[in-house]
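Below is one structure, written out as structure tokens, with a few remarks after it.
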Amino acid sequence: MPSTVIQWFPGHMAKTRRLIAQRLPLVDIVIEVLDARIPISSKNPEILSLCGKKPILTIFNKSSLADKEVNKQWIAFYKAQGQHPLFVDCKTGTNIQHIEGEIRSILAEKIKKNEEKGMAGRRLKAMVVGIPNVGKSTLINKLSGAAKAKAEDRPGVTLREQWVSAMKGIDLLDMPGVLWPKFEDQQVGQCLAATGAIKDDILDLEQVSSSLCEQLRELAPNKFCARYKLNIDQIEGLSGREICALIGKKRGMLLPGGAIDTDRANRMILDEFREAKIGQISLETPAMTKKQREVTDV
Ligand code: G4P
């Protein structure tokens, strides 16, 4: 795992927390968006306590970038806990059509009460939350069928809420704040960095890319080796940095004088992973939650 600590900047997290608490009474349900490739790392464990008794629909977005088999494992894992996981993809449109039904099913009692009070037409309100880059704005645009400005999430910028009329009878509140999971755990930092949740300009890309190579060697050796024409035995004992250099050399990424252009190789490996050119790969599996529990239980 990474030798240098990945720095992260909570930004105006406290402000976001306040904003969520303030706006919570206005909504009927919270839609929590996670990245299907990293369901553990993209989750903010505070959401549960922040939302109190408000129902939460958890959506696993970018599922077309994740390993289909691992998606199935996650679905079984959450179902075994009595949850209704919804794996969607905003780019391909996968399962987007089920979101409205899921919201209505979770809010069935509320809808019935509205009908009994003669307020059958009352619009339902949902708040969309999640860490940066999980696809919150894309999801809202997809559901509303409109291209609209992205909610501002830069520190220091006035926070402005945006209500969007999305599905029939449902309004979405795009939360402009930044929400981060707590991560003392560097594995979480690495997963967030590799998937692009943390902005590249504050990262040591060589570190992120070489750690990613080690993760891919372990999690998806066949896809990784096929993409870069590597032999698994050849990379078995190598460090992540050595693997990156080998890939750069194979791709002919050389500087004047013949040294390997490792910066270019690092950038390329990260870009290709994020675009799923290496294949559909999940960085986290349900087995890892067990391992995590075992570590904490000790
Ligand atoms: P955020 O509001 O949570 O910060 O995320 P946002 O919607 O801005 O999405 C972040 C990036 O992820 C965007 O790519 C977006 O297109 C992409 N994205 C969102 N949902 C999905 C999905 O389900 N599948 C895939 N494959 N990609 C998704 P970008 O490169 O930053 O911008 P662009 O490609 O839209 O120009």
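Counting convention: from 1, in listed order, for ligands and their atoms alike. Not measured: the values here are computed from a predicted model.
Residue S64 has no nitrogen or oxygen atom sitting less than 3.5 Å from a nitrogen or oxygen atom of ligand 1, judged on distance alone. Polar contact with ligand 1: absent for L139 (N/O pair, distance under 3.5 Å).
Of the listed options K62, K142, E275, K62 places a heavy atom closest to atom 17 (C) of ligand 1. If you check each of N133, N141, I140, I96 against atom 10 (C) of ligand 1, the one with the closest non-hydrogen atom is N133.
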Side chains of residues 47-56: which donor-acceptor partners sit under 3.5 Å, not counting sequence neighbours?
residue	atom	partner	partner atom	Å
S49	OG	E46	O	2.9
K54	NZ	L24	O	3.3
K54	NZ	V27	O	2.8

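Heavy-atom proximity to S137, at under 4.0 Å, picks out these atoms of ligand 1: 2 (O), 7 (O). In the vicinity of K136, heavy-atom distances shorter than 4.0 Å reach the ligand 1 atoms 1 (P), 2 (O), 3 (O), 4 (O), 5 (O), 7 (O). Listed by atom number, the atoms of ligand 1 under 4.0 Å from C90 heavy atoms are 20 (N), 22 (C), 23 (O).
Ring-plane geometry between Y78 and F60 is classed as tilted, the angle between the planes lying from 30 to 60 degrees on a 0 to 90 degree scale.
Between the side chain of W74 and the backbone N or O of P85, no donor-acceptor pair lies under 3.5 Å. Looking at Q190, its side chain does come within 3.5 Å of a backbone N or O of V208 through a donor-acceptor pair.
Only the side chain of L65 comes within 4.0 Å of ligand 1, judged by heavy-atom distances.
Neither side chain, D89 nor T94, offers a donor N or O lying under 3.5 Å from an acceptor on the other.
Among residue pairs with one or both ends in residues 268-283, those qualifying as salt bridge (charged side-chain N to carboxylate O under 4.0 Å, His left out) are D200-R274, R227-E272, R251-E272, R267-D271, E275-K277; sequence neighbours excluded.
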